[in-house]
Amino acid sequence: MAERITFGVESGSGAGTVSVEYERLGSGAPLLLLHGIGHHWQAWQPVLEILAGEREVVAVDLPGFGASSPLPDGFAYDLPTVGPVLGALCAALDLDRPHVAGNSLGGLLALELGRRGLARSVTALSPAGFWTEAERRYAFGTLLAMRRGAEALPLATIEWLSRSAAGRAALTSTIYARPGRRPPEAVVAETLALRRAAGFAQTLAAGRGVAFAGELPGLPVTVAWGTRDRLLLRRQGPRAKRALPEARLVRLPGCGHVPMNDDPALVARVILDASR
């Protein structure tokens with residue numbers, strides 16, 4: 001059952017508190033899981049039990065997403081702010097330099113935690129921040145369209161669509177290569193999470209100028225990309241490798257932007273191998 005923790009945070013704008021919802025299970029070396037924009041920790045459910053067989057897994061709702069509170073007033077949803085907030089979360093949860101795996105926005109944040117020396121290893125699944133300007137505009141336009149669709153559809157329509165494979169594809173095929181595999185209740189929950197995400201607009205605005213740049217010397221880094229990623233196109237994988245020459249680049253055949261649903265066994269193995 002998910003838990004909740006409240007802790008203090010600081011930025012150039014002042015101080016405040018954040019309440020974060022998280023799921024914690026398993027034993028072993030700590031592994032922090034970070035989801036993408038508009039999603040919630042349940043994005044990791046397909047791989048949680050596999051990972052928890054070898055790691056102490058902590059999957060969190062990022063501030064402003066899922067059931068977590070937004071950042072305090074005046075706090076930006078940018079890397080210089082959210083990175084230290086996640087560092088404060090790790091301290092509050094007694095996670096001493098955990099392995100970190102993230103997807104999309106979470107992948108970018110995982111790399112940022114690695115750059116700050118707050119991670120033992122980093123696994124980034126289709127991370128944001130390695131796009132061209134045209135690719136960024138395409139991705140952000142697609143995300144905005146998904147958000148508007150989630151806001152416009154009545155709950156009854158979302159529930160009706162989720163009952164069929166075709167309906168689940170209509171709702172989630174942008175992020176899943178195999179949307180029919182996603183359980184109906186999960187599709188409803190993540191569509192509502194996208195609708196209600198308080199940090200969505202500010203996170204998207206903060207991402208307009210983002211291009212990951214930084215060194216992660218001596219840190220094991222794995223970048224993995226789905227071959228059927230329709231949001232952050234797979235050609236961004238080699239670009240990430242050029243930016244992070246010491247990183248291992250892994251291909252995820254048949255996987256979409258959120259690959260945990262498409263091939264749980266493969267994704268779990270990549271994360272476990274990367275966090276030895």
Open item on the list: Using a 3.5 Å distance criterion without hydrogens, assess whether the side chain of Tyr77 forms a donor-acceptor pair with backbone atoms of Phe200.
Closed with: no
TODO: Could you tell me whether the side chain of His257 and the main chain of Asp229 form a donor-acceptor pair under 3.5 Å?
DONE: no
TODO: Consider only side-chain heavy atoms of I, L, V, M, F, W and Y, link residues closer than 4.5 Å, and tell whether Val58 and Phe7 are in one cluster.
DONE: yes
- [ ] Determine whether Leu108 and Phe130 make a side-chain contact, defined as any pair of heavy atoms from C-beta on separated by less than 4.5 Å.
- [x] no
Open item on the list: Would you say Val188 ends up clustered with Ile175 if hydrophobic residues are merged whenever their side chains have heavy atoms under 4.5 Å apart, either directly or through other cluster members?
Closed with: no
- [ ] For residues Thr172 and Pro179, report the shortest heavy-atom separation together with the two atoms involved.
- [x] OG1-CB, 3.3 Å
- [ ] Determine whether Leu143 and Leu233 fall in the same hydrophobic cluster, where Ile, Leu, Val, Met, Phe, Trp and Tyr are linked whenever their side-chain heavy atoms lie under 4.5 Å apart.
- [x] no
- [ ] Among Glu54, Arg120, Arg55, find the one that has a side chain to side chain donor-acceptor pair (under 3.5 Å) with Ser275.
- [x] Arg55
Task: Distance in Å, Ser126 OG paired with Arg234 CZ, rounded so as to fall on 0.5 Å steps - done: 11.5 Å
Task: From CA spacing to verdict: side-chain contact (heavy atoms from CB on, under 4.5 Å), Leu111, Leu244 - done: CA-CA 10 Å; Leu111 290 166; Leu244 301 165; 4.0 Å; yes
TODO: Look only at the side chain of Arg195 and the backbone of Ala150, and say whether a donor-acceptor pair between them is shorter than 3.5 Å.
DONE: yes
Task: Crowding at CZ, Arg4 (>12 non-hydrogen neighbours, <6.0 Å) - done: yes
Open item on the list: Minimum heavy-atom separation for Gly167 and Ser164, please, with both atom names.
Closed with: N-OG, 2.9 Å
- [ ] Mark yes when over 12 heavy atoms from residues, nucleotides or ligands other than Arg208 sit less than 6.0 Å from its CZ; otherwise mark no.
- [x] no
Open item on the list: Can you confirm whether Val9 sits close enough to Thr17 that some side-chain heavy atom of one is under 4.5 Å from a side-chain heavy atom of the other?
Closed with: no
Open item on the list: For a 4.5 angstrom cut-off between non-hydrogen side-chain atoms, does Leu231 reach Phe140?
Closed with: no
Open item on the list: Between the side chains of Arg239 and Glu135, is the shortest nitrogen-to-carboxylate-oxygen separation below 4.0 Å, so that they form an ion pair?
Closed with: yes
- [ ] Measure from the side-chain N and O atoms of His35 to the backbone N and O of Gly102, and report whether any donor-acceptor pair falls under 3.5 Å.
- [x] no
Open item on the list: Counting neighbours of CD on Glu185 that are heavy atoms of other residues, nucleotides or ligands and sit closer than 6.0 Å, is the number greater than 12?
Closed with: yes
TODO: Look only at the side chain of Thr191 and the backbone of Val187, and say whether a donor-acceptor pair between them is shorter than 3.5 Å.
DONE: yes
TODO: Using the salt bridge (Lys or Arg N to Asp or Glu O under 4.0 Å) rule, take Arg24 and Glu56 through it: C-alpha gap first, then chi angles, then the decisive distance, then the call.
DONE: CA-CA 7 Å; Arg24 191 171 197 163; Glu56 180 189 17; 2.8 Å; yes
Task: Donor-acceptor contact present, side-chain Arg248 to main-chain Val221, <3.5 Å - done: no
Task: Flag for Ser19-Ser69: side-chain donor and acceptor within less than 3.5 Å - done: no
Task: Criterion side-chain contact (heavy atoms from CB on, under 4.5 Å) on Leu48 and Trp41, from CA distance to verdict - done: CA-CA 10 Å; Leu48 279 183; Trp41 71 259; 3.7 Å; yes
TODO: Could you tell me the separation between the OG atom of Ser104 and the CG atom of Leu125, rounded to the nearest 0.5 Å?
DONE: 10.0 Å
Task: Under 3.5 Å donor-acceptor, Asp262 side chain and Arg178 backbone - done: yes
Open item on the list: Let me confirm one number: the CG-CD1 distance from Leu33 to Ile271, rounded to the nearest 0.5 Å.
Closed with: 6.0 Å
Task: Residues His40 and Glu190: side-chain donor-acceptor under 3.5 angstrom - done: no
Task: Leu34, Thr81, Leu118 screened by side chain to side chain contact (heavy atoms under 4.5 Å, CB included) with Leu86, the one that passes - done: Leu34
TODO: Taking the side chain as every heavy atom from C-beta outward, state whether Phe65 and Ile37 have any atom pair closer than 4.5 Å.
DONE: yes
Task: Cation-pi geometry met for Arg136 and Tyr138 (6.0 Å, 45°) - done: no
- [ ] Output the distance between atom CD1 (Ile50) and atom CE (Met260), rounded to the nearest 0.5 Å.
- [x] 12.0 Å
TODO: Kindly indicate, with the supporting measurements, whether the criterion side-chain contact (heavy atoms from CB on, under 4.5 Å) is fulfilled by Trp225 and Gln236.
DONE: CA-CA 8 Å; Trp225 229 284; Gln236 295 173 40; 3.5 Å; yes
Task: Co-membership, hydrophobic cluster, residues Leu62 and Leu192, 4.5 Å side-chain - done: no
Open item on the list: What I'd like to find out is whether the side chain of Glu21 reaches to under 4.5 Å of the side chain of Val60, using heavy atoms alone.
Closed with: no
TODO: Evaluate whether atom CD of Glu246 has more than 12 neighbouring non-hydrogen atoms of other residues, nucleotides or ligands under 6.0 angstrom away.
DONE: no
Open item on the list: Return the CH2 to CG distance between Trp44 and Asn261, rounded to the nearest 0.5 Å.
Closed with: 12.5 Å
- [ ] Using modelled atom types only, decide if a donor and an acceptor are shared between the side chain of Arg168 and the backbone of Pro183 within a distance under 3.5 Å.
- [x] no
- [ ] Indicate the atoms forming the closest heavy-atom contact of Ala268 with Leu51, along with that distance.
- [x] O-CD2, 3.8 Å
Open item on the list: Using 0.5 Å steps for rounding, measure from the CD1 atom of Ile5 to the CG atom of Leu89.
Closed with: 7.0 Å
TODO: Please examine the side chains of Cys90 and Pro98, heavy atoms only from C-beta on, and report whether any two atoms are closer than 4.5 Å.
DONE: yes
Task: Criterion salt bridge (Lys or Arg N to Asp or Glu O under 4.0 Å) on Glu112 and Arg115, from CA distance to verdict - done: CA-CA 5 Å; Glu112 177 66 10; Arg115 190 185 68 80; 2.8 Å; yes
Task: Verdict with reasoning, Leu109 to Leu79, per side-chain contact (heavy atoms from CB on, under 4.5 Å) - done: CA-CA 7 Å; Leu109 291 171; Leu79 290 180; 3.7 Å; yes
Task: Atom CD of Glu49: over 12 foreign heavy atoms under 6.0 Å - done: no
TODO: Report yes if the side chains of Val85 and Pro63 come closer than 4.5 Å at any heavy-atom pair, otherwise no.
DONE: yes
Task: Over all atoms of both residues, closest heavy-atom pair of Ala274 and Thr123 - done: CB-OG1, 3.2 Å
Open item on the list: For Val20, is there any backbone N or O sitting under 3.5 Å from a side-chain donor or acceptor partner on Asp61?
Closed with: no
Open item on the list: Any heavy-atom pair between the side chains of Val18 and Leu71 that's under 4.5 Å?
Closed with: yes
Open item on the list: For Pro253, is there any backbone N or O sitting under 3.5 Å from a side-chain donor or acceptor partner on Arg228?
Closed with: no
